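What follows is a set of notes on a single structure, which appears directly below.
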There are 2 protein chains.
Amino acid sequence: MNSVFTTSAEENYLKAIFKIAEKEPGVVLTNALAAEMGTSAASATDMLKRLSDKQLVAYEKYRGVTLSETGNRIATDLIRKHRLWEVFLVDKLGFAWDEVHEFAEQLEHIQGEHLSERLDEFLGHPRFDPHGDPIPDAQGKWMRRTQSRLLTLTPGQRGVVTGVDDHSPSFLQYLAELGLSLGAELALIERTPYDQSSKVRIGEREAVLSEKVGQNLFVRII
Amino acid sequence: MNSVFTTSAEENYLKAIFKIAEKEPGVVLTNALAAEMGTSAASATDMLKRLSDKQLVAYEKYRGVTLSETGNRIATDLIRKHRLWEVFLVDKLGFAWDEVHEFAEQLEHIQGEHLSERLDEFLGHPRFDPHGDPIPDAQGKWMRRTQSRLLTLTPGQRGVVTGVDDHSPSFLQYLAELGLSLGAELALIERTPYDQSSKVRIGEREAVLSEKVGQNLFVRII
DNA sequence: AAATATTTTTAGTCTAGTCTAAAAATAAAA
DNA sequence: TTTTATTTTTAGACTAGACTAAAAATATTT
Ligand SMILES: [Mn+2]
Ligand SMILES: [Mn+2]
Ligand SMILES: [Mn+2]
Ligand SMILES: [Mn+2]
């Protein structure tokens, strides 16, 4: 189907470009890409030339880069595989949601026919990964969802945890300790004007969550 | 546990050394290693120096190589992971036994804590892979089994298919078509002295199997 | 024991992917 | 609009892992 051979490094760069453009639509700048990849700007420039030669990106010197149709498809497929593997690791192997990212970062690059289809089927066609992120379908179509940051709730409103905007193990572990896994219900009791912290009820317990948490936690209002 | 960092390439070479020494105990020669890896002898020499620097092999110029304790452990663990993933692909994802090798060749290199333990548990601690090859346990211990080549059976003897000595997709597919999957029963009707071919009964059917098949098919005599 | 054949190593080159330091282009400020 | 700051690219170097061709070591014949 995708006749372009890509190395793991190339795939990771394509995914990084996709993720930056997802948050901040438009062209992606070299420094932003280098930062996302944890490499030097020189290395990013280097890779952009390679990706451009392979027609996976439209790259203009000094101006930035965007994914081509093919590049977009490869990135989408990579994200699909990443998230399917995460579902496997959590649902089938019993890992916690903060333990699976690095594994998936490797597993997403496994090459071969029909693997993602079979995995998808085995997992029961999951539509979201363990962090609440949508899994594009085999055709690369994305599911759109309405979710709100906890910070936007007003006192009295209730919500179901649907996702996170910070995937760091420390944040994920902290949420798990609070009982705030995907699907957990909470109610906003009050918001402190001084520091925007949120006092919430989670089941029987109450907890005070910082502005940072309020910013990084997504809920569906119910 | 294993504090030595190894690249995929290094791991593949270690596994190749292990496999050659398994068939032909003693030191492994450069050319044999290069042949097994499908690389030039120069590349093999190159890698042997690297592995020797890392103390994963005992290498003497012009004399050959053997695995060190650590090298042996890494190779064993790699084979364990390879075979566990093959079980996953066949038992859980529904691939045929001739389709899984290349996937496992990649999956065996996935790095991270507790992955093989969890996978092993999820699969129910399988002791053999889809090709009948034993899966070493988490301590690296091997299970020994008595099996015979079909060629050693005498007319009238019956056997259960337990393994293959040729893992090529074409042989595996041929066996599957014959109904000779793992666990299948057969009975030797007669052996043609002229070309050592075996006339066998497989369930209701009869089939004539070449010497090559007789050589590469393992059975447990019942 | 010499000559010949085979095996293995060395030498030199290549590519992908990284780096640092310097140069060039672009953007912002004076 | 010129100067200064920032961003990006280029230049040059490094490593892992591959190659080919040549040299050296070992094994086999004569
Ligand atoms: Mn990755
Ligand atoms: Mn995720
Ligand atoms: Mn491998
Ligand atoms: Mn196998």
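Proteins come first, then strands; the chains are lettered A, B, ... in the order of their sequence lines, and each starts at number 1. Note that the structure is predicted; figures quoted are calculated from it, not measured.
Of the residues in residues 14-37 of chain B, none has a non-hydrogen atom less than 4.0 angstrom from any atom of DNA chain D.
In this structure, A:Leu56 places its CG atom 14 Å from P of C:dA16, rounding to the nearest Å. The distance between atom CE of B:Met47 and atom C1' of D:dA16, rounded to the nearest whole Å, is 8 Å. The distance between atom CG of B:Asp46 and atom P of C:dA11, rounded to the nearest whole Å, is 12 Å. B:Leu48 places its CG atom 10 Å from the P atom of C:dT8, with the value rounded to the nearest Å. Distance CZ (B:Phe5) to C1' (D:dA16): 11 Å, rounded to an integer number of Å. When rounded to the nearest whole Å, the span between CD of A:Glu60 and P of C:dA25 equals 16 Å.
When distances run from any side-chain atom of B:Arg50 to the nucleotides D:dA16, C:dT9, C:dA21, the shortest one goes to D:dA16. The side chain of A:Tyr59 lies closest to D:dT9, out of D:dG17, D:dT26, D:dT9. The side chain of A:Tyr62 lies closest to C:dA25 when the candidates are C:dA25, D:dA27, D:dA18.
Counting any heavy atom pair closer than 4.0 Å across all strands shown, B:Ala44 reaches no nucleic acid atom. Across all strands, A:Ser40 comes closer than 4.0 Å to base atoms (heavy-atom distances). Within 4.0 Å (heavy atoms only), A:Ala41 reaches at least one base atom of the nucleic acid. Residue contacts shown for A:Thr45 include a base, since a base heavy atom lies under 4.0 Å away.
The phosphate of D:dA27 has OP1 or OP2 within less than 4.0 Å of a side-chain N or O from B:Arg63. When the side-chain nitrogen and oxygen atoms of A:Lys61 are compared with OP1 and OP2 of D:dT10, one or more of them lie within a distance under 4.0 Å. Here B:Lys49 does not reach the OP1 or OP2 of C:dT9: none of its side-chain N or O atoms lies under 4.0 Å away. Considering only side-chain N and O atoms, A:Thr39 lies nowhere under 4.0 angstrom from the phosphate OP1 or OP2 of C:dT18.
Looking only at distances, a side-chain donor or acceptor of B:Arg118 sits under 3.5 Å from a matching main-chain atom of A:Gly94. Within the 3.5 Å criterion, the main-chain N or O of A:Ala96 finds a donor-acceptor partner in the side chain of A:Glu99.
Comparing A:Thr7 and B:Ala42 by the nucleotide of DNA chain C whose heavy atom lies nearest to each, the residue mapping closer to the 5' end is B:Ala42.
Side-chain contact of A:His125 with A:Glu121: a donor-acceptor pair under 3.5 Å is absent, judged by distance alone. B:Arg191 and B:Ser198 form a side-chain donor-acceptor contact under 3.5 Å, judged by distance and modelled atom types alone.
Among all heavy-atom pairs drawn from B:Pro136 and B:Ile79, the shortest one is CD-CG2, 4.5 Å.
Applying the salt bridge (charged side-chain N to carboxylate O under 4.0 Å, His left out) test to residues at least two apart or on different chains, the pairs with a partner in residues 30-55 of chain A are A:Glu10-A:Lys54, A:Asp46-A:Arg50.
In summary, A:Glu108 and A:Lys15 engage in a salt bridge, as defined by a charged side-chain N under 4.0 Å from a carboxylate O. Salt-bridge check for B:Asp120 with B:Lys81: failed, with every basic side-chain N at 4.0 Å or more from each acidic carboxylate O.
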